[in-house]
Structure formats: C-alpha cells, structure tokens
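We use all heavy atoms of the structure for the numbers below, so side chains are in, but hydrogens, waters and symmetry mates are not. So you know, we letter chains A, B, ... as the sequences are listed, proteins then strands, and number each from 1. Please read all numbers here as calculations on a predicted model, not as lab measurements.
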There are 2 protein chains.
Amino acid sequence: MAAPGPARRLSERIVLDAAFGVVRDHGFTALSIRRVAAVLGVTPNALYTYVPDRAGLLRGMVERVMSAVDLGTLAIATLSPAERLVEFAVAMRRTLLGHPGGAALIMTGPIDGPHALLLNEALLRTLTETGLTLDDAARGAYALQVHVLGTVMLEAADGGDGDPAREEALAIERRAALERVDASGVPLTAQTADIVARYNTTAQFRWSVRRLVDGMLVAG
Amino acid sequence: MAAPGPARRLSERIVLDAAFGVVRDHGFTALSIRRVAAVLGVTPNALYTYVPDRAGLLRGMVERVMSAVDLGTLAIATLSPAERLVEFAVAMRRTLLGHPGGAALIMTGPIDGPHALLLNEALLRTLTETGLTLDDAARGAYALQVHVLGTVMLEAADGGDGDPAREEALAIERRAALERVDASGVPLTAQTADIVARYNTTAQFRWSVRRLVDGMLVAG
DNA sequence: ACCTGAACACCGTTCAAGT
DNA sequence: ACCTGAACACCGTTCAAGT
C-alpha cells in the first residue's frame with residue numbers, strides 16, 4: 001500500500017513550525033505563504049500539499065495555540081470552583097498573549113476546533129460544581145471565554161504580550177499619554193488616570209473575571 | 001490666506017465614505033487604498049493627501065464607528081443604573097455589529113480616539129451612581145468594554161452582524177453542526193447544544209453582561 | 001499643494017509541466 | 001503524488017515629474 005510518487009519532504013507540523021517561526025521573528029503581519037515557503041527552502045506552491053490555503057494555515061495555527069492552554073488549573077483541589085475559574089482565565093490569557101501572534105490569530109476566524117470543545121467542556125464541569133444549572137453553566141462558560149478573548153484582543157492591539165515587565169512599561173507610557181489629554185471634557189477619566197493606565201494588567205483582569213464569576217454565582 | 005496650488009478635490013470625509021462603501025459592498029477583506037482610490041476615480045497616491053497611510057485610514061474608520069455608538073441609553077431616567085449599563089452594552093454591540101466592517105475594524109488597532117474617551121467617561125458617571133468607588137468604577141468601565149468587544153469579535157468571526165434574523169439562522173446552522181460532533185469526549189457540551197448554538201445571540205449577551213454588572217455591584 | 005505615471009517589493013492562487 | 005516555473009491579478013508605498 002505504498003503511496004505512489006515521490007515521498008513528502010515536509011509535513012503540516014513542519015509548515016506550522018515554520019509559520020510560528022516567521023511570526024516570532026518578524027511579527028504577525030509578516031506571515032505569508034510565500035515567506036513560510038522561503039524559510040523552508042521551497043516554492044510557495046509546495047505548501048498547498050500540506051495546507052489547503054492561507055485560511056487553512058491560520059486555522060491550524062489557532063488550533064495549536066488553543067492546545068497550549070493548560071486546563072489543569074480547573075482541577076486544583078485546594079481552590080474553590082470560583083477561584084479555579086479565575087486562575088484558569090489568568091492562565092489562558094497568559095498563554096494567548098505569550099504565544100507568538102496568539103492574539104492576532106484568535107481574531108482571524110471562528111474558534112471551533114477540537115481543543116476549543118475540550119476547553120468548553122472543562123469549564124462546564126467546573127461551573128456545574130458551583131451549583132449552577134447546566135444551562136447557566138453553558139452560558140457562563142461562553143461569558144468567560146468572551147472575557148478572556150476580549151481582554152487579549154485589546155491588550156494585543158495596545159502592544160502587550162502578557163509579560164509583567166512589559167505591562168509595567170506600557171502602563172507608564174499610557175499614564176504619560178493621559179497627562180497630555182485635555183481633561184476638561186472627561187473629568188472622571190482624568191481623575192482615574194492611574195487605573196486607566198493599568199487597564200491592561202493582570203491585576204485588572206483578575207478583578208473583572210472575579211466580578212463576572214461572582215455575578216454568575218449570586219444569580220445561580 | 002488662500003492656499004497656493006490646485007484646490008482639493010477630495011476630503012478625509014469623502015475618503016472615509018468611499019472606504020465604508022467598499023466594505024459594505026465587498027467586505028472588509030476587499031478594503032485597500034487602491035480600491036478606495038478606484039471608487040473615487042483617482043490614482044492611489046492621491047489618497048495620501050488626506051490620510052497618512054493605510055493604518056491612518058483604519059484609525060479614521062474606527063473613530064467614525066465609535067462616534068456612532070449611542071450614549072443616550074446611559075441617561076434613561078426610568079431605568080436603574082444597572083439596567084442602563086446593560087442596555088448601553090446591548091446598544092453598543094448592535095452598533096458595532098451593524099456597521100459595515102465594524103467588528104473587523106475594532107481589531108485593527110487600539111481604540112483610544114476622542115469618542116472612546118467620551119464613552120469611558122459616560123460609563124464612569126453611571127457606575128459611580130451605583131455606589132461604586134471611583135477606582136472600581138474605572139475598573140468596571142473597562143470590564144464592560146472588554147465584554148462588548150470580545151462578544152463582537154467572536155460573533156463577527158462566526159459571521160454574525162447583529163441582525164436578529166441572521167442570529168436565528170446561524171443558531172440553527174450551529175445546532176446542526178454540533179449534532180455531527182462526536183459527543184463521547186464532551187458530554188456536557190453535547191447536552192447543552194441548544195445553549196451553545198445560541199452563544200452569539202442578544203439573549204446570551206444580555207445574560208452575561210447582567211452577571212458582570214451584578215458581580216460589580218455585589219462586591220462594591 | 002495636489003495629483004499623475006512609473007516603479008519597487010511584495011501578496012495568494014492557479015495552471016501546465018516535469019519527475 | 002509532489003514539486004517547480006511561469007503567470008495572473010492583486011497589494012502599500014515611494015519618487016520624480018507635471019500643473
């Protein structure tokens with residue numbers, strides 16, 4: 001049953017590795033079929049054997065990033081279910097921001113691969129442990145994913161990558177920028193400049209996820 | 001003080017109008033400097049008089065979409081502050097999804113124009129009325145924006161545009177797709193297929209925003 | 001100052017041909 | 001079956017030249 005013709009010189013795995021390499025070294029905007037092919041020392045068309053098209057390449061990359069999200073925090077026995085949910089969200093945010101191009105990737109299409117399903121299932125399991133009905137657990141699982149992905153999107157647009165040192169540098173930058181804004185029309189925003197400058201930090205993220213989880217438990 | 005040289009044939013407003021027209025007629029992916037120029041019957045270079053570059057064009061478009069968000073719902077006297085916040089979030093989601101390319105636009109860069117500041121200020125005002133401290137109001141204002149933008153991003157990636165009829169059609173499509181998934185590894189997800197299929201609906205959005213707001217008020 | 005025309009350095013994708 | 005080479009129809013941006 002040997003396949004006819006010449007043997008494959010590449011694989012989807014190798015193509016994805018090269019694609020992530022391009023993003024790591026030159027940024028997400030530099031990602032292209034032609035550049036990945038160049039890195040692999042092959043003509044652009046050769047990639048179409050391993051990937052259907054550009055969108056297919058991106059789907060594969062999204063799936064790999066999602067597979068890197070650690071579901072283990074949802075099983076830490078010493079934490080309450082609510083605390084586990086918060087820690088999971090923190091870990092997921094960190095993974096998406098830390099992966100080369102992770103934030104940009106999740107915006108390129110629907111997140112409905114196998115690992116996204118497993119993530120949803122793990123959230124459902126933990127949420128039902130808090131006493132929520134199964135239907136409310138499903139709604140809550142989506143709300144949590146929305147919150148993580150929305151955070152990651154806004155942070156990435158702002159230049160963040162989940163690194164605490166970078167977070168601090170960006171906060172200082174934003175604080176200075178707010179100082180230059182005309183405060184007369186937005187007095188409350190000006191008064192809370194210290195908080196606004198720290199919107200994209202782990203502390204702010206933890207605060208809001210905790211509120212979301214608390215709101216779900218209060219109603220349930 | 002008349003400016004020397006030939007008069008301007010275009011304006012930033014006209015360029016932005018044409019850009020939104022391209023997105024409306026051919027989708028966000030079709031948006032390009034060259035295509036906008038073609039619509040205006042001008043060479044691509046002519047646009048550089050009115051817009052610094054492609055990123056500048058996108059910034060202008062984001063600002064216009066943000067200016068279309070109605071802050072009026074935050075001032076409806078017959079509603080409680082919490083209800084006003086939920087209605088505002090619903091209206092903001094609807095505006096972003098309804099605008100041609102609105103969802104794709106908000107992912108193209110930081111949202112920090114003048115209208116974003118005014119939106120933040122209006123949220124702060126309403127949140128302080130609920131009895132939150134000014135600092136917590138600032139955190140809450142960002143959490144709400146994260147939630148709306150995350151929702152819009154996921155819905156747009158899934159093909160939604162905020163239209164209720166389209167929402168219903170997509171829900172039925174997703175329900176059928178879930179039927180084909182192997183349920184053995186994700187029993188809870190399979191059991192809640194009806195809810196999962198309706199993740200991207202106004203009802204689900206209202207549910208999660210309400211929980212987020214409730215969580216902020218309980219803690220405050 | 002504003003616009004054109006030509007050019008540079010890129011894209012994704014298809015097709016016909018080689019092995 | 002897999003890969004190459006050539007081609008098609010696009011990009012954003014720059015530069016020199018015209019008015």
Under the rule for salt bridge (charged side-chain N to carboxylate O under 4.0 Å, His left out), what residues qualify as partners of [X], not counting sequence neighbours?
X: B:Glu87; answer: B:Arg206
X: B:Asp163; answer: none
X: B:Glu121; answer: none
X: A:Arg84; answer: A:Glu129

Less than 4.5 Å apart, any side-chain heavy atom of [X] and any of [Y]?
X: B:Arg94; Y: B:Pro164; result: yes
X: B:Arg8; Y: B:Tyr50; result: yes
X: B:Ile195; Y: A:Tyr142; result: no
X: A:Val196; Y: A:Leu178; result: yes
X: A:Pro187; Y: B:Arg125; result: no

Take atom [atom1] of [X] and atom [atom2] of [N], then tell me their distance rounded to the nearest Å.
X: A:Leu10; N: D:dC3; atom1: CG; atom2: C1'; answer: 10 Å
X: A:Tyr48; N: D:dT4; atom1: OH; atom2: C1'; answer: 15 Å
X: B:Arg8; N: C:dC3; atom1: CZ; atom2: C1'; answer: 12 Å
X: A:Arg9; N: C:dT19; atom1: CZ; atom2: P; answer: 14 Å
X: B:Leu40; N: C:dC2; atom1: CG; atom2: P; answer: 16 Å

Residue pairs passing the salt bridge (Lys or Arg N to Asp or Glu O under 4.0 Å) test where at least one lies in residues 48-57 of chain A, sequence neighbours excluded: none

Ordered by number, residues from residues 23-33 of chain B within less than 4.0 Å of DNA chain D (heavy atoms) are B:Ser32, B:Ile33

Looking for any heavy atom pair under 4.0 Å, which part of the strands does B:Thr49 touch: base, sugar-phosphate only, or nothing? sugar-phosphate

Counting side-chain heavy atoms from CB outward, which of D:dG12, C:dC2, C:dT13 is closest to A:Arg34? C:dT13

Which of the following nucleotides, C:dG12, D:dC2, D:dT4, is nearest to the side chain of A:Ala46? D:dT4

Taking only N and O in the side chain of A:Arg35, is any of them less than 4.0 Å away from OP1 or OP2 of C:dG12? no

DNA chain D base-pair string [pairs: Watson-Crick or G-U under 3.5 Å; |: paired with another strand]: ||.|||||...|||||.||

Using the rule side-chain contact (heavy atoms from CB on, under 4.5 Å), only one of A:Leu123, A:Leu97, A:Leu144, A:Leu149 pairs with A:Met92; which is it? A:Leu149

Can you tell me how far P in D:dA9 sits from the matching atom in C:dC10, rounded to whole Å? 22 Å

Selection residues 167-177 of chain A - residue pairs positive for side-chain hydrogen bond (donor to acceptor under 3.5 Å, both in side chains), sequence neighbours left out: A:Arg93-A:Glu167, A:Asp158-A:Arg174, A:Glu167-A:Thr202, A:Glu168-A:Arg198, A:Arg175-A:Glu179, A:Arg175-A:Asp194

Can you list, pair by pair, the side-chain donor-acceptor contacts under 3.5 Å of residues 14-33 of chain A, counting residues two or more places apart and other chains?
from	atom 1	to	atom 2	distance (Å)
A:Asp17	OD1	A:Arg64	NH1	2.6
A:Asp17	OD1	A:Arg64	NH2	3.4
A:Ser32	OG	A:Arg35	N	3.0

Residues 149-174 of chain A vs ring-ring contact (aromatic ring centres under 6.0 Å, His included), sequence neighbours excluded, gives none

Which atom pairs link the protein and nucleotides 15-18 of chain D when you take only N or O atoms and keep those under 3.5 Å?
from	atom 1	to	atom 2	distance (Å)
D:dC15	N4	B:Asn45	ND2	3.0

Do any of residues 50-58 of chain A sit with a heavy atom less than 4.0 Å from DNA chain C, and if so which? A:Asp53, A:Arg54

